[in-house]
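Since we're looking at a predicted model, the values are computed, not measured. Letters A, B, ... mirror the listed sequences (proteins, then strands); counts begin at 1. These numbers come from the heavy atoms of this one structure, side chains and all, not from hydrogens, waters or symmetry mates.
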Amino acid sequence: MKNILVKIIENIKLNDDYFLLWIHAPEISKSISSGQFFEIKIAGNNFPLLRKPISVFEVKNENVGFMIKKIGRGTENFSHLKKNDVLDIIGPLGNSFELPSQKEVLLISGGIGYAPLHNLKKELLSNNNNVTWIHGGRSTNDIFSSDFTFTDDGSSGQKGFVTIGMEEILLKKKFDLIYCCGPKIMMKKCSEIAKKFHTKMFVSLEEYMACGIGVCHGCAVAIKKNDSFTYKTVCKDGPIFNSNEVIWNE
Amino acid sequence: MKNILVKIIENIKLNDDYFLLWIHAPEISKSISSGQFFEIKIAGNNFPLLRKPISVFEVKNENVGFMIKKIGRGTENFSHLKKNDVLDIIGPLGNSFELPSQKEVLLISGGIGYAPLHNLKKELLSNNNNVTWIHGGRSTNDIFSSDFTFTDDGSSGQKGFVTIGMEEILLKKKFDLIYCCGPKIMMKKCSEIAKKFHTKMFVSLEEYMACGIGVCHGCAVAIKKNDSFTYKTVCKDGPIFNSNEVIWNE
Amino acid sequence: MNRLKTKLGKLELKNPITVASGTFGVENNNFIDFNSLGAIVSKTITKNEKIGNPPPRLYETSNGLLNSIGLQNPGLKGFIENVLPKYATYETPFIVSFSGSTIDEFSEILLELEKYDSISGYEVNVSCPNVENEGIAFGTDPKIVYKLTKQLASQTDKELIIKLTPNVTDIVSIAKAAEDAGANSLALINTLLGMSIDWKSGKSHIRRGIAGYSGPAIKPVAIQNVYRVSSNVKIPILAMGGVSNWKDALEFFYAGANVVAIGTYNFVNPKITIETIDNLNRHFLSRNQNLTEIIGKINGIN
Amino acid sequence: MNRLKTKLGKLELKNPITVASGTFGVENNNFIDFNSLGAIVSKTITKNEKIGNPPPRLYETSNGLLNSIGLQNPGLKGFIENVLPKYATYETPFIVSFSGSTIDEFSEILLELEKYDSISGYEVNVSCPNVENEGIAFGTDPKIVYKLTKQLASQTDKELIIKLTPNVTDIVSIAKAAEDAGANSLALINTLLGMSIDWKSGKSHIRRGIAGYSGPAIKPVAIQNVYRVSSNVKIPILAMGGVSNWKDALEFFYAGANVVAIGTYNFVNPKITIETIDNLNRHFLSRNQNLTEIIGKINGIN
Ligand SMILES: Cc1cc2nc3c(=O)[nH]c(=O)nc-3n(C[C@H](O)[C@H](O)[C@H](O)COP(=O)(O)OP(=O)(O)OC[C@H]3O[C@@H](n4cnc5c(N)ncnc54)[C@H](O)[C@@H]3O)c2cc1C
Ligand SMILES: Cc1cc2nc3c(=O)[nH]c(=O)nc-3n(C[C@H](O)[C@H](O)[C@H](O)COP(=O)(O)OP(=O)(O)OC[C@H]3O[C@@H](n4cnc5c(N)ncnc54)[C@H](O)[C@@H]3O)c2cc1C
Ligand SMILES: Cc1cc2nc3c(=O)[nH]c(=O)nc-3n(C[C@H](O)[C@H](O)[C@H](O)COP(=O)(O)O)c2cc1C
Ligand SMILES: Cc1cc2nc3c(=O)[nH]c(=O)nc-3n(C[C@H](O)[C@H](O)[C@H](O)COP(=O)(O)O)c2cc1C
Ligand code: FES
Ligand code: FES
């Protein structure tokens, strides 16, 4: 991991809520694995105080892409960034997705949970896996290219939750591995379904972060340990965990 | 006094340190007297928290001009304002300069102390007074049109303090009234000289302000009262005080 | 239907927004209609006139304000003659904040104020040094707060509010002392203690050194105190500390406030009280909910 | 000539900048050279491992941070086995922060740590509840602080720092108790107590409700505490609370700090400590002045 200044190459507006930020970062682009994230802030701007954890959406040679959803002050500020503006980033951070080969892999995402799976998909394919992707969101704005699409309001794809599609497809076909990222409640439901179908699943978790490097213990998540549990850090031990190890109700 | 939103008509850069901000404010432009000030902030921007007190530099029909010196975050922010940006202002505030007629009047200013005397001069002249203006500053950037000019570093006009010019001119000529605005130390020195020459002098004071309307008692200045003193508010009882009443060392 | 009605002890208020002592005065009627407020609280007055502390008295820090006014006020007599009549014309309940340096002094002020019908209640400022007790602030000792409150409660039937300082180890014990002694409600928080120094010269930005710290920066501390006190007493709470908009006010209601006062933010936006009332009104209408349904209903803690 | 030399009791430090407990760890060596720091302070450890509090544990407020980590740490044994060796390779003095729930527990931890030469001193975190004394935090009672400090002082010749909490009525009495009992220096301030609530749902942003409040918003409170304590004790002060740059550090030195720690701002800028040292160096060089000349030299107060 490094703390470096990088330049914005392009800020692509996807729709009113989402945008894609491309940075030029030769120093670190080669050391990134899918599922990792960066702690980013605008150089010289210390409001908000804390950096924002953002997953790697895609790595293209020396460039790194972040897909971001506007939800509050920090992400709103990012949305105004222009070419040549400077980001202050720390990363790559966290563990990464296991990269199998010659497997049947199911990806399930909700909303901005799409971001970390996008780079993963590319790597899975080039590692000779078969990939199926179910993506869901609240409404059309939350929908991006995938194999099966769901929206809460029916404005795109099928009306309903991704869990419907997950059950259906697992009934029809056997998968070796599932990767899942989205709202906590969605990941919890998906993890119950994966369990029912005895399929190994990894989730990418989110928690409020301060340091991003494992020193402050702020980003705790309850993980099973023997008959009880302990707290692990999303930023260092995670963000990827085996869904069976996560205590969803803690 | 009113709290209103007004539009910037023009922001004129005078030099690297000073700029002139013109607003369109028909609702209040006619009720302004020389020496009064406004508590101003950029609409929608609450950093810094407090408004900044700024004197009226000039009133031109429905427009009001502020002459501002960049010294910190607040004034720096103002310097970036552009045409059609919106200011949130409270005013006019405070008392105003006595407006005599057919008198010999001396104006003395230091640095940004120039601002409140500019409108006063216009009014004094149209009220048939004779006006002489001595202005001083640290360096060329701090110098604006006047009859006698002084700089600390000698880069414009005479090298030295305005007090030199004041003593010289008072030795030569009798003035009925002096108006003075500038750094505290300058006003203090000028007030000693005015006293020596038995000339009535008014000063425009500055203090840190919160409310600007006389309710918080934040902007206290020590003013003589019988054998002792009391604290008056610069924002409501002032900013103009008879220099003999001010306790300069408090 | 008025969704913003609330009670502060004996007072029924048409809405829960008032102003914090010392940050508001008659001049504010240039900006807002006083009859729109839930209540008005005066600047703290003392028995004799006080000229206050030497300047500089103010300094803005990052998202907060330091003040060292030193309770400048015209004294009881000056207040009654020149200030009180100006508020008598409004329907809005007028609450007088006062302070003293001995219990007798507090008691004397209250007795005099009791003569005026235009006063609806009292906010007792106990953040000042107690000369009877080695100069330790009244508000830091539960025993003294008890004694003082008991005395004042015996002298009035009007709303008696004790205003607490947050600069104590255990605010709950002081709140309970006031409640046990007969306070009708509690106001909190007064300012934190803060200081600021010019890094260039080493000069204190405030002449007296230690000052009162207010504004958005202290909001988390205020919420915490309101939550702890409201969980431990039965009497209502008039809360303040860093409120800058209606969302902040909601946070305080969830924490247990019955009424919310805005202080420092009056300087930033003199219409903030009215805007807050309007926005709260809209909020509760759109939720088809009454203010009183959410008071103290903080959740998610374990 | 090194203009930044300073002393913290028995320790001679090459510069006055260190890190606040709990905001820094071995991972920070990805960003800075630990040998450049004046000292390093560990996260607080306890006798047994602690898994910490349930999440959410963090929330950012306006210019401040709420945290509720719950002293998550690997315990004394885990610390000695896995953490301590990683710091042993640096020349920079390493100070271990620890805490306990009884005086015996503190004493036991110290005895064990005494075995390790790579430890230069101890920062005793007394902001935790005292099980022997009805759960009241150690740090709020001067008598208990005296007793605890006396005990620990008798057990070590290394630098003994007592870290004070600001959430008390009278921090000076507690500072004096520590001094009288043999503390070599004092650290202050630990976090204020704060809370934050989601206005939409009424849900506490922090699962445990009340949290520790740090960052720029608390700086005025920290300066005030440092000023008051340093004016009343003779032992040196390791100060912290909201430092975000070298100018803030200067403010603390003027207020009476001998050493300054940066906490929350390590999250914002992991190179902040080094940048602060560089800038202070430049500042004192350009003024032809030594750090020690300005410590406690606040002026302009009356
Ligand atoms: C490992 C990880 C990877 C992420 N990847 C992406 C991504 O690729 N694209 C994307 O758009 N979003 C991503 N997020 C979420 C993103 O970090 C938040 O949306 C962002 O921090 C919101 O900040 P804000 O100031 O806009 O909103 P705020 O209004 O400040 O907060 C809104 C919500 O965002 C979350 N949040 C705020 N601050 C933090 C913080 N410091 N740390 C963690 N969460 C916070 C909290 O849930 C909060 O309630 C990721 C989060 C994590 C933990
Ligand atoms: C009655 C009056 C009239 C003034 N007229 C003018 C004018 O016409 N043109 C002009 O350029 N300046 C004028 N000033 C000064 C102007 O208000 C300050 O320069 C400005 O507030 C600085 O703010 P800042 O954020 O840029 O600087 P900061 O870095 O915040 O502060 C620098 C210094 O400015 C002063 N200051 C800061 N905040 C305030 C405040 N809220 N109230 C009062 N003083 C403050 C203090 O002395 C402070 O040390 C006037 C001041 C007063 C009291
Ligand atoms: C300039 C100023 C003057 C104040 N004067 C008083 C006072 O006279 N009496 C009092 O009880 N509180 C006084 N306070 C404290 C406020 O009433 C309030 O408790 C505190 O500022 C917190 O609220 P805020 O953050 O909204 O300002 C004063 C505060 C300020 C900023
Ligand atoms: C996330 C976090 C964890 C902390 N953990 C500890 C701790 O374990 N022991 C301790 O004494 N102080 C702890 N503190 C308090 C800091 O050491 C410091 O006293 C406080 O944060 C003020 O400094 P700052 O404003 O620079 O952060 C912690 C603070 C934060 C923000
Ligand atoms: S954010 Fe600090 S440990 Fe994860
Ligand atoms: S600034 Fe409030 S009284 Fe003058």
Side-chain angles (χ1 to χ4, degrees), chain C residues 54 56 59 61-64 66 136-137 140-141 167-170 192-211 213 216-228 242 244 246-255 283 294 297-302, chain D residues 54 56 59 61-64 66 136-137 140-141 167-170 192-211 213 216-228 242 244 246-255 283 294 297-302:
Chain C
Y59 190 74
T61 64
S62 69
N63 229 356
L66 292 171
I136 294 163
T140 61
D141 183 339
N167 303 300
V168 295
T169 309
D170 181 14
L192 293 179
L193 297 178
M195 244 175 120
S196 179
I197 302 172
D198 179 32
W199 65 269
K200 288 203 198 91
S201 63
K203 204 169 155 186
S204 170
H205 280 126
I206 299 283
R207 182 71 81 89
R208 273 285 148 88
I210 297 174
Y213 187 32
I218 73 166
K219 195 183 71 175
V221 178
I223 297 279
Q224 179 261 134
N225 277 291
V226 169
Y227 169 70
R228 273 207 293 156
S244 71
W246 59 283
K247 295 173 186 175
D248 291 344
L250 285 171
E251 215 180 319
F252 276 93
F253 297 132
Y254 277 115
H283 172 79
I294 70 161
K297 294 291 166 37
I298 179 174
N299 56 73
I301 297 182
N302 91 22
Chain D
Y59 190 75
T61 64
S62 67
N63 230 355
L66 292 171
I136 294 163
T140 62
D141 183 338
N167 303 300
V168 295
T169 309
D170 181 14
L192 293 179
L193 298 178
M195 242 174 120
S196 179
I197 302 172
D198 179 31
W199 65 270
K200 287 204 200 91
S201 62
K203 204 168 155 184
S204 170
H205 280 126
I206 299 283
R207 181 70 81 88
R208 273 284 148 88
I210 297 173
Y213 187 33
I218 74 166
K219 194 185 71 175
V221 177
I223 296 280
Q224 179 261 135
N225 278 292
V226 169
Y227 170 69
R228 274 208 292 154
S244 70
W246 59 284
K247 295 174 186 176
D248 291 344
L250 284 172
E251 215 181 319
F252 276 93
F253 296 133
Y254 277 114
H283 171 80
I294 71 161
K297 294 292 165 37
I298 179 174
N299 56 73
I301 296 183
N302 92 21

Inset, instruction - Would you mind reporting whether C:R228 and C:Q224 have side-chain heavy atoms less than 4.5 Å apart? - result: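 A side-chain contact exists here, since the closest heavy-atom pair is under 4.5 Å.
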Legend entry - Residue pair C:Y213 / C:V221, side-chain heavy-atom distance below 4.5 Å: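 Of all side-chain heavy-atom pairs linking C:V221 with C:Y213, none is under 4.5 Å.
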Between [X] and chain C, with a heavy-atom cut-off of 4.5 Å, which part of the residue counts as in contact: side chain, backbone, both or neither?
{"X": "D:K203", "answer": "both"}
{"X": "D:T61", "answer": "side chain"}
{"X": "D:H205", "answer": "neither"}
{"X": "D:S244", "answer": "neither"}

Pick from [options]: which one has the most heavy-atom pairs with chain D under 4.5 Å?
{"options": "C:Y59, C:F253, C:W246, C:F252", "result": "C:W246"}
{"options": "C:I218, C:T140, C:N167", "result": "C:N167"}
{"options": "C:I298, C:D248, C:D141, C:T169", "result": "C:T169"}
{"options": "C:G202, C:S196, C:A217", "result": "C:G202"}
{"options": "C:V168, C:N63, C:I223, C:N225", "result": "C:V168"}
{"options": "C:V226, C:I206, C:L250", "result": "C:L250"}

Inset, instruction - Between chain C and each of D:S201, D:A211, D:G242, count heavy-atom pairs under 4.5 Å; write down the option with the most. - result: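 The answer is D:S201.
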Legend entry - Nearest heavy-atom neighbours spanning C:S204 and C:G209: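 Minimum heavy-atom separation between C:S204 and C:G209: OG-CA, 3.6 Å.
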Inset, instruction - Identify which part of C:L66 has an atom lying under 4.5 Å from any heavy atom of chain D, answering side chain, backbone, both or neither. - result: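 The side chain, not the backbone.
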Inset, instruction - Please round to the nearest 0.5 Å and tell me the distance separating atom CD1 of C:I301 and atom CD1 of D:I197. - result: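 If we round to the nearest 0.5 Å, C:I301:CD1 and D:I197:CD1 are 7.0 Å apart.
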Legend entry - Reported CG-to-OH distance for the pair C:N299 and C:Y254, which is rounded to 0.5 angstrom: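 One gets 7.5 Å once the value is rounded to the nearest 0.5 Å.
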